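The structure displayed is predicted, hence computed values, not measured ones.
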Amino acid sequence: QVQLVESGGGLVQAGGSLRLSCAASGRSFSSYTMGWFRQAPGKEREFVAAITWSVGRTYYADSVKGRFTISGDNARNTGYLQMNSLKPEDTAVYYCAAGSVLSSLRSTYHYWGQGTQVTVSS
């Protein structure tokens, strides 16, 4: 079992930055893929980024490529999502998840956090 807790969300102006954290407990993140997803009101939960901690391979949605960076700290068992050049359309609840493969599919992620709200004002 893996428990995930996100933090770092908040309100920011367009063009600003935020860093989300995802603290894992119960089992080392190093044996999993960590993913970030987001869900805006009235929309489906969508993939944002993922990383395989064992080799550091990353995968990004086209909408965030070049603006967001996913990373992990094995010593702290914590993952991060650095978000730069934020846009109003990035407003959503952001969720971290742990899965077994590097994938954009929600069904491949077995553990989910409770989410953290990110609001980008124009």
Side-chain angles (χ1 to χ4, degrees):
Q1 283 279 5
V2 176
Q3 293 79 44
L4 305 172
V5 178
E6 303 96 334
S7 61
L11 173 64
V12 64
Q13 287 189 328
S17 299
L18 281 175
R19 188 177 79 157
L20 305 183
S21 299
C22 177
S25 61
R27 208 171 160 179
S28 172
F29 237 149
S30 62
S31 58
Y32 290 95
T33 289
M34 182 187 73
W36 286 95
F37 290 75
R38 66 187 182 187
Q39 188 167 17
K43 293 190 176 181
E44 294 281 323
R45 191 172 299 188
E46 65 174 6
F47 171 75
V48 175
I51 184 170
T52 52
W53 281 30
S54 57
V55 295
R57 187 178 172 193
T58 58
Y59 179 27
Y60 294 94
D62 288 343
S63 59
V64 305
K65 204 173 291 183
R67 299 189 298 123
F68 291 11
T69 302
I70 189 171
S71 63
D73 184 333
N74 280 327
R76 296 176 185 268
N77 216 26
T78 299
Y80 303 99
L81 184 68
Q82 177 67 44
M83 306 185 295
N84 298 329
S85 302
L86 282 162
K87 305 174 182 179
E89 51 263 43
D90 294 318
T91 295
V93 177
Y94 283 70
Y95 299 88
C96 73
S100 52
V101 296
L102 189 66
S103 169
S104 63
L105 299 176
R106 284 180 294 170
S107 60
T108 63
Y109 291 86
H110 315 302
Y111 304 101
W112 292 82
Q114 83 290 347
T116 185
Q117 176 71 47
V118 171
T119 303
V120 184
S121 63
S122 57

Met83 and Arg67: side-chain contact (heavy atoms from CB on, under 4.5 Å), yes or no, with the steps? CA-CA 6 Å; Met83 306 185 295; Arg67 299 189 298 123; over 6 Å; no

Would the distance check show the side chain of Glu6 and the main-chain N or O of Gly115 forming a donor-acceptor pair, the cut-off being under 3.5 Å? yes

Rounded to the nearest 0.5 Å, what separates atom CG in Leu18 from atom OG1 in Thr116? 9.0 Å

Taking all atoms of both residues into account, what is the closest heavy-atom pair of Met34 and Ser71, and its distance? CE-O, 3.7 Å

Verify same cluster id: Tyr109, Val2 (apolar side-chain graph, 4.5 Å): no

Where Ile70 and Tyr60 come nearest, the two heavy atoms and their spacing: N-OH, 2.9 Å

Counting only N and O atoms by type, is there a donor-acceptor contact under 3.5 Å from the side chain of Thr52 to the main-chain atoms of Ser54? no

Answer yes or no: is there an ion pair linking Lys87 with Asp90, defined by an N-O contact shorter than 4.0 Å? no

For the atom pair OG (Ser21) and CD (Gln82), what is the distance rounded to the nearest 0.5 Å? 9.5 Å

Heavy atoms of Asn74 and Trp53 approach each other most closely as OD1-CE3, 2.8 Å

Cluster overlap Phe37 with Val64, hydrophobic side-chain contacts below 4.5 Å: no

If only atom types and distance count, is the side chain of Thr91 paired as donor or acceptor with the main-chain N or O of Val120 below 3.5 Å? yes

Quick one: closest heavy-atom pair of Ala92 and Ala40, and the distance? CB-N, 3.8 Å

Between OG1 on residue Thr58 and CG on residue Leu102, distance to nearest 0.5 Å: 7.5 Å

Flag, side chain of Asn77 to backbone of Ala24, donor-acceptor distance under 3.5 Å: yes

Using atom types as modelled and distance alone, determine if a side-chain donor or acceptor of Tyr32 lies under 3.5 Å from a backbone N or O of Ala97. no

Where the side chain of Ser103 meets the backbone of Val101, is there a donor-acceptor pair that is under 3.5 Å apart? no

Would Val48 and Tyr59 show up in the same hydrophobic cluster when neighbours are defined by side-chain heavy atoms closer than 4.5 Å? no

Drop me the distance from Arg38's CZ to Phe47's CZ, to the nearest 0.5 angstrom. 11.0 Å

Which one of Tyr95, Trp112, Tyr111 satisfies the side chain to side chain contact (heavy atoms under 4.5 Å, CB included) criterion with Leu4? Tyr111

What one should report as the nearest heavy-atom pair of Tyr80 and Trp36 is O-NE1, 3.6 Å

Minimum heavy-atom distance between Ala50 and Thr33, given as atom pair plus value: CB-CG2, 4.2 Å

